[in-house]
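Lettering follows sequence order; numbering is per chain, from 1.
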Amino acid sequence: MSYNPSEIEAKWQQKWDDEKAFEPDDGYERKKKYILSMFPFPSGRLHMGHVRNYAIGDAFARYYRKQNLNVLHPIGWDAFGMPAENAAIKHGRHPKEWTYSNIDYMRKELNTLGLSFSKTREFATCDVLYTKWEQEFIIKMFEQKLLYRESTTVNWCESCHTVLANEQVEEGCCWRCDNAVQLKEMPGYYLDIIKYADELLGDLKLLEGKWPSQVLTMQNNWIGKSQGLEFSFELSASSKEKLGGHFERYTVFTTRPDTIYGVTYSALAAEHPITKYLCDNALLDEEIVAKIGVIANMTERERAQADKEGYALGITVIHPLTGEEIPVWTANFVLASYGGGAVMAVPAHDERDFEFASKYALPVKRVISGGESLPYTLEGALIDSAAFTGLGNYESKAKIIGMFEEAGFGKGTTNYRLRNWGVSRQRYWGAPIPFVHCKHCGLVPERVENLPIALPEDVEITGEGNPLENHPTWKHCTCPVCGKEAIRETDTLDTFVQSSWYQFRYATHPNKWNTTGIDKEDANYWLGVDQYIGGIEHAILHLLYARFFTKVLRDLGYHNIDEPFENLLTQGMVLMDGAKMSKSKGNTVDPDALVEKYGADTARLFTLFAAPPAKELEWNDSAVEGAFRFIKRLYDRQAKVTQSTLPQIEQAALSKESKLARVKVYEALQKSSDVYEKSFSFNTLIAACMEALNALDKQDNALVWTEGMYIMLNLLEPIIPHVTTELSEVLFARKNLQRILEVKEEVFVQENFVYVVMIGGKKRVEIEMAASAAQEEVLAAAKEAGAKWLEGMTILKEVVVPGKLVNLAVKPN
RNA sequence: GCGGAUGUGGUGAAAUUGGUAUACACGCCAGACUUAGGAUCUGGUGCUUUACGGCGUGGAGGUUCGAGUCCUCUCAUCCGCACCA
């Protein structure tokens with residue numbers, strides 16, 4: 001009987017379905033384990049990255065079930081988003097039809113991989129029932145002032161016809177279509193993630209050692225907390241007059257209050273209200289107004305690449321401490337969206353300010369000692385700084401902030417690089433933002449009892465404009481407050497909103513899905529996710545948003561969880577010929593074809609064996625053959641098993657080869673808990689099993705074979721579940737799969753040790769000694785065996801490592 | 001520029017507290033069985049040397065009886081952020 005994967009795999013997949021084998025308990029009695037692989041976007045077909053992601057997750061889930069834990073291992077679909085609309089434009093298919101048919105196809109593909117998902121908890125984020133609860137959260141966030149609508153300059157992707165969040169702009173281009181991002185002033189909805197910045201930052205400490213350190217660093221940098229001084233520059237009397245009395249002062253932020261006596265000019269962003277006023281009221285040369293206009297139309301990225309450029313605005317401010325008059329410029333390196341869009345400039349101690357001052361011949365005033373040339377940005381004592389002269393700059397920062405606070409012209413402040421999360425998208429295939437624009441009542445949320453606000457299905461998707469905006473009737477509604485005619489919001493939510501709370505939806509028992517979004521008791525029992533697995537590309541976007549949502553929903557009373565993902569494993573990409581697999585490069589491997597040719601077990605074994613999960617995985621067709629060969633060998637060796645229970649073995653009576661085989665089998669067993677719970681290096685566990693099989697092949701004791709197969713099938717079941725379950729059924733009535741077995745220490749007890757004898761740091765000979773031999777005996781034997789190398793030498797030092805080696809340090813006589 | 005990570009055979013990769021470097025697999029070589037083999041099995045395979053031996057974990061130092069592992073410096077590659085005042 002030869003190994004026939006398609007038959008075995010279909011049989012067990014059917015059986016698992018019939019047995020509902022992977023549903024968690026309804027109650028909370030057993031200890032839980034929540035294993036989650038990031039859910040897929042239903043693009044149409046699985047790719048190898050999915051196979052890797054779900055093979056890893058499934059190994060964890062199956063392992064923990066054996067520990068008698070209550071395992072939640074769900075799957076669902078991240079189903080809203082642009083590609084569905086693109087398919088509609090290209091192929092004339094309705095996004096809903098396209099999405100759900102893709103889901104049906106991909107669900108079948110996942111099934112053929114034999115993944116142990118709970119089937120009752122599956123959902124798609126475009127299900128109206130999911131939208132309903134999401135809209136409820138959004139309204140509650142609005143009530144708590146965590147969601148607001150405002151008009152600002154946003155990142156706009158012309159090819160996607162939508163706004164992008166800051167996090168979705170990669171190197172100045174759209175994260176999805178790679179089109180250059182433009183700036184556009186438009187209204188949108190924002191979530192106040194900055195309000196949670198401190199907690200999001202501080203709680204990264206809770207994740208140390210549980211998340212990859214680079215992800216923690218990336219989040220840390222992204223939040224970008226900096227502390228400093230915020231104060232106002234008062235405009236000079238003549239400047240106030242010039243500005244028609246519309247401005248008295250403006251605020252700046254600095255992290256270097258210690259350099260305040262070195263301020264020689266101040267700079268405003270092109271978008272700053274004062275700059276705008278000067279431009280709009282013809283208070284600057286036309287030429288300069290035009291040039292400022294050009295800067296204002298550049299994206300942040302374009303400005304970053306441009307040379308420093310600026311113009312004197314013909315106004316001055318008063319230095320708050322010295323009373324000096326300081327010129328005000330506009331400069332292209334001052335960001336409108338950070339620190340109030342204005343800076344104090346200290347060219348002596350800041351590289352940007354220095355470069356700008358050099359270009360425009362502005363004065364430079366040194367106030368920190370140290371270094372030979374300017375700008376000097378390191379530590380030093382203050383000079384020419386009035387009462388603060390002589391202090392170190394660290395000490396002076398606090399004192400200067402204190403002085404500003406006392407005098408009431410400024411205060412210590414914290415600023416974040418993080419921007420609030422813009423969640424408006426001008427697209428059809430998303431969750432409608434549940435608000436209404438009423439002429440009488442303004443912007444009002446829908447009534448919760450009217451939720452969900454579902455998408456209209458009769459839409460025409462042309463790629464021109466927002467289909468919800470263009471729909472003849474959908475946006476016309478009545479105001480939930482006054483009952484008069486009103487207009488429904490036509491923006492939909494960013495799809496990252498859906499993936500920010502799906503981990504709670506899975507945890508909520510499906511019986512409750514109709515009546516609640518998140519069940520508190522269920523959530524508190526199941527969350528945080530004990531092991532989360534996904535791509536590093538989500539290090540900031542999804543993982544930061546999901547952490548934020550978790551904290552917000554906690555504060556809204558939905559649960560008591562602080563962090564959604566307790567442990568994170570970021571898997572590496574799947575490569576072919578050193579490059580990322582992609583359709584455009586034509587270097588993809590089709591999972592369906594792979595499963596058809598070799599079976600799911602081989603596909604899974606290869607992906608876990610070829611590299612540790614966090615590293616990139618280089619595809620190799622012949623290594624896949626190798627994985628297949630191992631499974632075949634394992635399958636063939638069923639003939640070696642002679643009894644259906646774990647045998648009792650008398651260790652002392654065994655041959656040397658049989659003893660070694662047992663050692664290899666038990667070494668693999670010993671390794672398994674470390675691999676599943678700590679190192680995640682499945683490749684080494686598989687290698688240990690291969691070694692065990694190789695060692696078993698070198699002996700012929702039937703009991704040792706039986707024990708070896710009994711244990712190995714158990715160890716490998718999470719990785720290659722079909723063939724191991726089949727063999728286990730035939731040989732051991734599946735009894736061997738029920739729990740993790742115990743290591744028998746006596747197997748490792750050796751009668752003899754092989755000592756390596758090193759002389760002068762070099763390995764020379766090996767000697768075999770009884771385990772009971774005393775150190776002196778070992779040493780004497782080593783000297784005898786190594787006599788040849790000891791001739792004419794004096795032994796300086798003798799080191800014996802019990803059971804392992806002897807090292808003799810020598811020098812010539 | 002700042003931050004993080006990684007450098008080990010022809011290839012993917014192993015290596016508790018510092019203790020026999022290259023496990024396991026791919027590839028390659030030889031052999032067996034075969035009409036045949038891209039099937040299966042067995043053996044070999046770091047470099048160098050006729051051999052003894054010598055040299056080998058990106059490079060250079062250091063600590064140690066002993067370093068892939070610890071310390072210092074350095075080079076290369078990859079990733080993230082990039083005027084955040």
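- The side chain of A:R417 approaches B:rA82 more closely than any other nucleotide in the set B:rA25, B:rC26, B:rA82.
- The side chain of A:N683 places an N or O atom within less than 4.0 Å of a non-bridging phosphate oxygen (OP1 or OP2) of B:rA14.
- Rounded to whole Å, the P atom of B:rG80 lies 27 Å from the corresponding atom of B:rC73.
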Got a list of protein N/O to nucleotides 37-44 of chain B N/O distances below 3.5 Å?
none

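- OP1 or OP2 of B:rA85 has at least one side-chain nitrogen or oxygen of A:S226 nearer than 4.0 Å.
- Side-chain atoms of A:N807 and base atoms of B:rC65 include a donor and an acceptor less than 3.5 Å apart.
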Dot-bracket for RNA chain B, 5' to 3', Watson-Crick and G-U pairs with both distances under 3.5 Å, [ ] for crossing pairs, | for partner on another strand, reads (((((((..(((......[....)))((((((.......))))))(((....)))..(((((..]....))))))))))))....
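- Close to B:rC65, at under 4.0 Å from its OP1 or OP2, lies a side-chain N or O of A:K797.
- The side chain of A:E691 lies closest to B:rA23, out of B:rC26, B:rA23, B:rA85.
- Look at A:N220 and you won't find any side-chain N or O under 4.0 angstrom from OP1 or OP2 of B:rG80.
- Residues of residues 336-348 of chain A that place a heavy atom closer than 4.0 Å to RNA chain B, in numerical order, are A:Y338, A:V343.
- For A:F682 and A:Y676, the ring centers are positioned less than 6.0 Å apart.
- Taking atom C1' in both B:rA15 and B:rA21, the straight-line distance is 7 Å, to the nearest Å.
- For the P atom pair drawn from B:rU6 and B:rC70, the interatomic distance equals 11 Å after rounding to whole Å.
- In this model, a side-chain donor or acceptor of A:R352 finds a partner on the base of B:rA85 within 3.5 Å.
- Side-chain atoms of A:R419 lie closest to B:rC84 of the nucleotides B:rG19, B:rG4, B:rC84.
- Nearest nucleotide to the side chain of A:L805, out of B:rG19, B:rC26, B:rA85: B:rG19.
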